[in-house]
Amino acid sequence: DPKPSPTPAPTPTGEGELVSAHGDIEVANVSFRVRALHNRKQIELGDLTNMSVLDQMELFLLRFTEHVDITRSALVQLMQEFDKYEGRSNVIGEIEIDQAMKLLEARDETKTATELWESLKAVDLDRNHFVSYIEFSLCYFNKSWKDLLYKTEVRVVRGASVAANQQGAAEAEALKAMADEMRMKAINDKLRAEEETRARQQSLDNKAQAIAAEKAKILEDAEEAKRKEAEMEEGMKKSKAFFLRQQQMLDNEKKLSPEEEVKQGLAKRKEEKRLKEEKIKADALAEEKRVAAEEEKKVAEAKKQAMEEKERADAEAAKERAAAEAKRIEEEKKAKYEADKAAMEAEEQAKKDAEKAERDARRAKMAERAKMFEGK
């Protein structure tokens, strides 16, 4: 196992205190995970599992801040070039060793191909023939895993590092602002979708309450009509019973004369006719209310069906719009990927053609020299 390197003797700073090589300003701009790892004296390899490329860059910058050639702008540029190759790899967050070789050659690396290969194999500790961003950075800046895993505290003169800290802080703030903007956009999109869903649900609830209120009113009117009809029938029964009792009392008291019997018969028939007419009116009124209640019920059901059909149509339309938008985004991503891929392939092909042309020129020159020697 690698042993921790000895801590260099501290040198006095302008304020006479021991500070992290990267400074408080830089540490405040990184994620909690990176800050926690950097504050540890020793990092285990397992701690770097599933770490994003951005966090790998921040951790590498924190560990090697005292090196003037390792700057945030250089690491950001290296990360952008790394991402181009990472998109064509089968492993997320890593690139194949031969792709790393191409990336090093593209950056005008002065080492030979054998030396580059050995350097990449040295940082590929898990021997999976894939290189992460932090492994590639170790190789590119000629650093070892020991330098990365074991923390060294150094004293730095604040006055000499103010400009570098300010530049790094500005770049970190720009990256943080970009991440915050993307995060806020996602949050706003989610809130807007939730608000639309709540609004649709509230509209459905309001319509359902209105329909329930209409049904309740129709049922209440129908019950009221039945109650009045029952009261009218009960009144007619009581009236009939009253007249029967009166008739019995008259029959018991005295025997009516023929003239009185005729008058009483006429009065009785008149009262029966009145009661019959009232019953007919009551029946007509009850039937009218029943028909009106049925019509209102049909209208309410038709309104409910129309609203449900409209809601279904709106939901289908929203679903189709969402599917179309998702398809458009996917097509844009695919087109961008294809364009980037075609551009990189064209660049590689142009490089190959240039190399082939150079080789052909050298061969032609050598052949020409050979002819000159043959002539001599």
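Just so you know, these numbers come straight off a predicted model, no measurement behind them.
- Between the side chains of S144 and D147, at least one donor N or O sits under 3.5 Å from an acceptor N or O.
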| query | When you look at E368 and K365, which way does the salt bridge (Lys or Arg N to Asp or Glu O under 4.0 Å) test go after all the steps? | reply | CA-CA 5 Å; E368 184 178 351; K365 191 173 182 180; over 6 Å; no
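- Between L266 and R269 the shortest side-chain heavy-atom distance falls below 4.5 Å.
- Applying the 6.0 Å contact sphere to CD of E224 captures more than 12 heavy atoms from other residues, nucleotides or ligands.
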| Run the salt bridge (Lys or Arg N to Asp or Glu O under 4.0 Å) check on D98 and K102 step by step: do they pass? | CA-CA 6 Å; D98 60 344; K102 293 180 181 179; 5.5 Å; no
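- A heavy-atom distance below 4.5 Å is not found between the side chains of C139 and V131.
- The cluster map of Ile, Leu, Val, Met, Phe, Trp and Tyr, joined by side-chain heavy atoms under 4.5 Å apart, puts I95 and M344 in the same cluster.
- Separation of atoms CD (E135) and OG (S119) is listed at 13.0 Å; rounding is to 0.5 Å.
- For E288, the CD atom is loosely surrounded, since the number of other residues' heavy atoms within 6.0 Å does not exceed 12.
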| task | Could you walk me through whether E287 and R290 pass the salt bridge (Lys or Arg N to Asp or Glu O under 4.0 Å) test, one step at a time? | result | CA-CA 5 Å; E287 180 65 17; R290 186 187 65 79; 2.3 Å; yes
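- Inter-residue side-chain proximity for E296 and E214 is flagged as unmet; no heavy-atom pair is nearer than 4.5 Å.
- Residues satisfying the salt bridge (Lys or Arg N to Asp or Glu O under 4.0 Å) criterion with E259, sequence neighbours excluded, are K263.
- A salt bridge does not link E277 to K281: none of the charged nitrogens lies less than 4.0 Å from a carboxylate oxygen.
- Taking CD of Q305 as the reference point, atom CD1 of I211 lies at 11.0 Å (rounded to 0.5 Å).
- Paired with E229 under the rule side chain to side chain contact (heavy atoms under 4.5 Å, CB included), one option of M232, R227, E233 passes, and it is E233.
- There is no path of hydrophobic side-chain contacts, each under 4.5 Å, that joins I218 to M307.
- The closest side-chain heavy-atom distance from K303 to K207 is not below 4.5 Å.
- Residues L285 and L275 do not share a hydrophobic cluster, defined by chaining ILVMFWY side chains whose heavy atoms lie under 4.5 Å apart.
- The structure places OG of S137 at 9.5 Å from CE of M57, a figure rounded to the nearest 0.5 Å.
- The number of heavy-atom neighbours closer than 6.0 Å to CD of E272, taken from other residues, nucleotides and ligands shown, is above 12.
- M79 is not listed as a side-chain neighbour of Q56, based on a closest heavy-atom distance of 4.5 Å or more.
- No more than 12 heavy-atom neighbours from other residues, nucleotides or ligands sit within 6.0 angstrom of NZ on K304.
- For K215, the NZ atom is loosely surrounded, since the number of other residues' heavy atoms within 6.0 Å does not exceed 12.
- Taking CZ of F130 as the start and CD of Q99 as the end, the distance is 8.0 Å to the nearest 0.5 Å.
- To the nearest 0.5 angstrom, L62 atom CG is 9.5 Å from R35 atom CZ.
- Paired with F64 under the rule side chain to side chain contact (heavy atoms under 4.5 Å, CB included), one option of L59, I70, L75, D69 passes, and it is I70.
- Under a 4.0 Å N-O distance rule, the pair E195/R198 qualifies as a salt bridge.
- Between the side chains of H67 and K143, a donor-acceptor pair is found at a separation under 3.5 Å.
- The structure places CD of E347 at 12.0 Å from NZ of K352, a figure rounded to the nearest 0.5 Å.
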| Could you go step by step and tell me if K298 and E301 meet the salt bridge (Lys or Arg N to Asp or Glu O under 4.0 Å) rule? | CA-CA 5 Å; K298 290 179 181 180; E301 290 178 352; over 6 Å; no
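- Counting only N and O atoms by type, the side chains of Q209 and D205 include no donor and acceptor under 3.5 Å apart.
- Considering only heavy atoms from C-beta on, D83 stays 4.5 Å or farther from Y133 through its side chain.
- Residues L148 and I134 form a side-chain contact, since some pair of their non-hydrogen atoms from C-beta on lies under 4.5 Å apart.
- Counting heavy atoms from C-beta on, the side chains of Y140 and L103 never come closer than 4.5 Å.
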